[in-house]
A.B. asks: 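There's a structure below that I have some questions on.
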Amino acid sequence: MRKYIFVSLSVIIIFILVTIFYLSSFGIKTNKFNGLINDQVKNFDRNLSLELKDVFLKLRLKDKTLKIHTSSPKIFSGENSIELSKIDVNLDLIKFLKNEKSIQKVEITTKENSIKKLTDFINSYKFNLQQFIIFNQIKQGKAQIKANIYFDEKNLNNFKYSVTGKISEARLNIINKAVVNNINFNFNIEDQNFVFENINLNYDNVNFESKKTSIKKIKNIYKVNGDLKSKKTIVKLNSISKLLN
């Protein structure tokens with residue numbers, strides 16, 4: 001009898017360990033969380049929707065979290081869509097087991113989309129005339145974006161976010177039919193702070209560059225710090241300008 005109990009317990013323990021190892025290393029395919037991911041998108045706007053492919057659940061014991069992962073989804077606003085690379089959702093393991101609100105973080109990474117496609121999506125999602133006029137001046141280019149959304153433990157409607165990404169080969173038409181070509185830069189946006197790095201652009205057949213330019217919003221004022229260099233001149237950007245409504 002004791003031998004039978006010992007063997008049974010050993011089999012159960014081995015099964016649990018193998019299951020934990022498999023969940024930690026490979027994860028399992030499931031559609032149980034498709035609704036959860038879609039609901040989080042709907043929290044931002046009821047007009048947004050997702051087209052999901054395979055969803056995988058992975059256990060992360062070190063962080064005491066569950067990670068929900070899906071590759072190559074699409075996000076829609078009306079007839080406009082953006083190609084995503086992945087969506088990852090981190091859940092607090094203990095709260096999840098207790099059937100409590102457990103979302104800690106959502107990470108969304110886009111594929112490289114044309115800027116035109118992105119601006120059409122943004123305009124269809126939340127139209128603004130000033131925004132539309134500005135976006136309409138962008139004639140070409142590509143963009144790749146990664147957004148991290150951090151949720152309040154007590155109220156999932158409260159969240160903070162950070163957005164990073166890169167713009168490449170962009171072209172912008174400005175006043176007096178002037179054109180800025182070959183615009184390339186990396187960016188980081190967090191809590192009304194904007195940082196642009198490794199900026200390169202061409203204006204009036206002159207190449208300009210900037211290692212780092214930052215814009216910080218203070219109430220209704222933007223504080224700009226940085227410089228824009230070319231072989232001909234150096235333009236100081238240190239200034240304070242009022243927000244244009």
Side-chain angles (χ1 to χ4, degrees), residues 16-113 117-118 121-122 124-126 142-166 186-195:
I16 292 173
L17 291 175
V18 169
T19 301
I20 291 174
F21 172 78
Y22 189 87
L23 284 174
S24 301
S25 302
F26 306 103
I28 59 170
K29 182 179 175 181
T30 177
N31 59 8
K32 180 178 179 180
F33 297 97
N34 292 32
L36 175 66
I37 298 174
N38 266 300
D39 287 344
Q40 291 308 308
V41 172
K42 292 288 186 183
N43 283 341
F44 291 100
D45 194 288
R46 301 301 301 178
N47 295 320
L48 297 178
S49 61
L50 280 175
E51 178 183 281
L52 299 174
K53 295 185 178 179
D54 294 336
V55 176
F56 291 87
L57 179 66
K58 193 172 183 179
L59 179 63
R60 302 173 66 179
L61 285 177
K62 183 179 180 181
D63 301 326
K64 296 180 181 178
T65 61
L66 287 173
K67 181 179 178 181
I68 305 167
H69 171 83
T70 182
S71 297
S72 300
K74 283 185 180 180
I75 185 167
F76 289 85
S77 175
E79 297 180 354
N80 296 286
S81 67
I82 297 176
E83 299 276 349
L84 303 181
S85 174
K86 67 174 183 177
I87 298 177
D88 289 332
V89 181
N90 285 357
L91 307 178
D92 183 291
L93 177 59
I94 304 302
K95 290 184 177 180
F96 175 78
L97 294 175
K98 291 181 178 179
N99 200 28
E100 298 176 354
K101 293 180 179 179
S102 56
I103 298 178
Q104 294 180 328
K105 174 185 172 184
V106 175
E107 179 182 313
I108 301 173
T109 305
T110 73
K111 293 182 178 179
E112 189 174 63
N113 290 270
K117 193 172 185 179
L118 284 171
F121 178 90
I122 294 170
S124 66
Y125 159 62
K126 192 168 288 186
K142 300 176 182 178
Q144 187 171 16
I145 300 170
K146 177 181 177 181
N148 289 307
I149 306 165
Y150 305 91
F151 289 89
D152 187 293
E153 293 182 2
K154 296 180 180 179
N155 185 358
L156 294 181
N157 291 323
N158 293 332
F159 55 86
K160 296 181 179 179
Y161 68 89
S162 65
V163 180
T164 60
K166 64 179 181 179
N186 300 325
F187 63 88
N188 188 329
I189 303 170
E190 185 173 359
D191 193 26
Q192 300 300 321
N193 293 321
F194 304 78
V195 178

A.B. asks: Determine, step by step, whether Thr164 and Asn186 satisfy the side chain to side chain contact (heavy atoms under 4.5 Å, CB included) criterion, reporting the C-alpha distance in whole Å, the side-chain angles of both residues, the deciding distance to 0.1 Å, and the verdict.
C.D. replies: CA-CA 8 Å; Thr164 60; Asn186 300 325; over 6 Å; no

A.B. asks: How far does CG of Leu48 sit from CD1 of Ile75, to the nearest 0.5 angstrom?
C.D. replies: 5.0 Å

A.B. asks: Could you tell me the separation between the CZ atom of Phe96 and the CD1 atom of Ile103, rounded to the nearest 0.5 Å?
C.D. replies: 11.0 Å

A.B. asks: Between CD of Glu112 and OG of Ser85, what distance do you get to the nearest 0.5 Å?
C.D. replies: 11.5 Å

A.B. asks: For residues Asn113 and Lys111, report the shortest heavy-atom separation together with the two atoms involved.
C.D. replies: ND2-O, 2.9 Å

A.B. asks: Considering residues, nucleotides and ligands other than Lys86, do more than 12 of their heavy atoms fall under 6.0 Å from its NZ?
C.D. replies: yes

A.B. asks: Can any side-chain N or O of Thr65 pair as donor or acceptor with the backbone N or O of Leu91 at less than 3.5 Å?
C.D. replies: no

A.B. asks: Under 4.0 Å between a Lys/Arg side-chain N and an Asp/Glu carboxylate O for Lys160 and Glu190?
C.D. replies: no

A.B. asks: Check whether any side-chain N or O of Thr110 sits under 3.5 Å from a backbone N or O of Ile145 as a donor-acceptor pair, and report yes or no.
C.D. replies: yes

A.B. asks: Counting only N and O atoms by type, is there a donor-acceptor contact under 3.5 Å from the side chain of Asn148 to the main-chain atoms of Ser162?
C.D. replies: no

A.B. asks: Quick one: does Ile82's side chain get under 4.5 Å of Leu118's, heavy atoms only?
C.D. replies: yes

A.B. asks: Would you give the length of the straight line joining atom NZ of Lys117 to atom CG of Asn80, rounded to the nearest 0.5 angstrom?
C.D. replies: 9.0 Å

A.B. asks: How long is the gap from NZ on Lys53 to CD1 on Ile87, to the nearest 0.5 Å?
C.D. replies: 12.5 Å

A.B. asks: Show the nearest heavy-atom pair for residues Phe76 and Phe121, with the distance to one decimal.
C.D. replies: C-CE1, 3.7 Å

A.B. asks: Might you work through the side chain to side chain contact (heavy atoms under 4.5 Å, CB included) test for Val106 and Ile108, ending with a clear yes or no?
C.D. replies: CA-CA 7 Å; Val106 175; Ile108 301 173; 3.9 Å; yes

A.B. asks: Let me know which of Asn90, Leu93, Leu66 forms a side chain to side chain contact (heavy atoms under 4.5 Å, CB included) with Arg60.
C.D. replies: Asn90

A.B. asks: Using the side chain to side chain contact (heavy atoms under 4.5 Å, CB included) rule, take Gln104 and Lys95 through it: C-alpha gap first, then chi angles, then the decisive distance, then the call.
C.D. replies: CA-CA 10 Å; Gln104 294 180 328; Lys95 290 184 177 180; over 6 Å; no

A.B. asks: Dump the intermediate steps for side chain to side chain contact (heavy atoms under 4.5 Å, CB included) on Lys74 and Glu83, then the final yes or no.
C.D. replies: CA-CA 5 Å; Lys74 283 185 180 180; Glu83 299 276 349; 3.0 Å; yes

A.B. asks: Working to the nearest 0.5 Å, report the span between CZ of Phe151 and NZ of Lys105.
C.D. replies: 12.0 Å

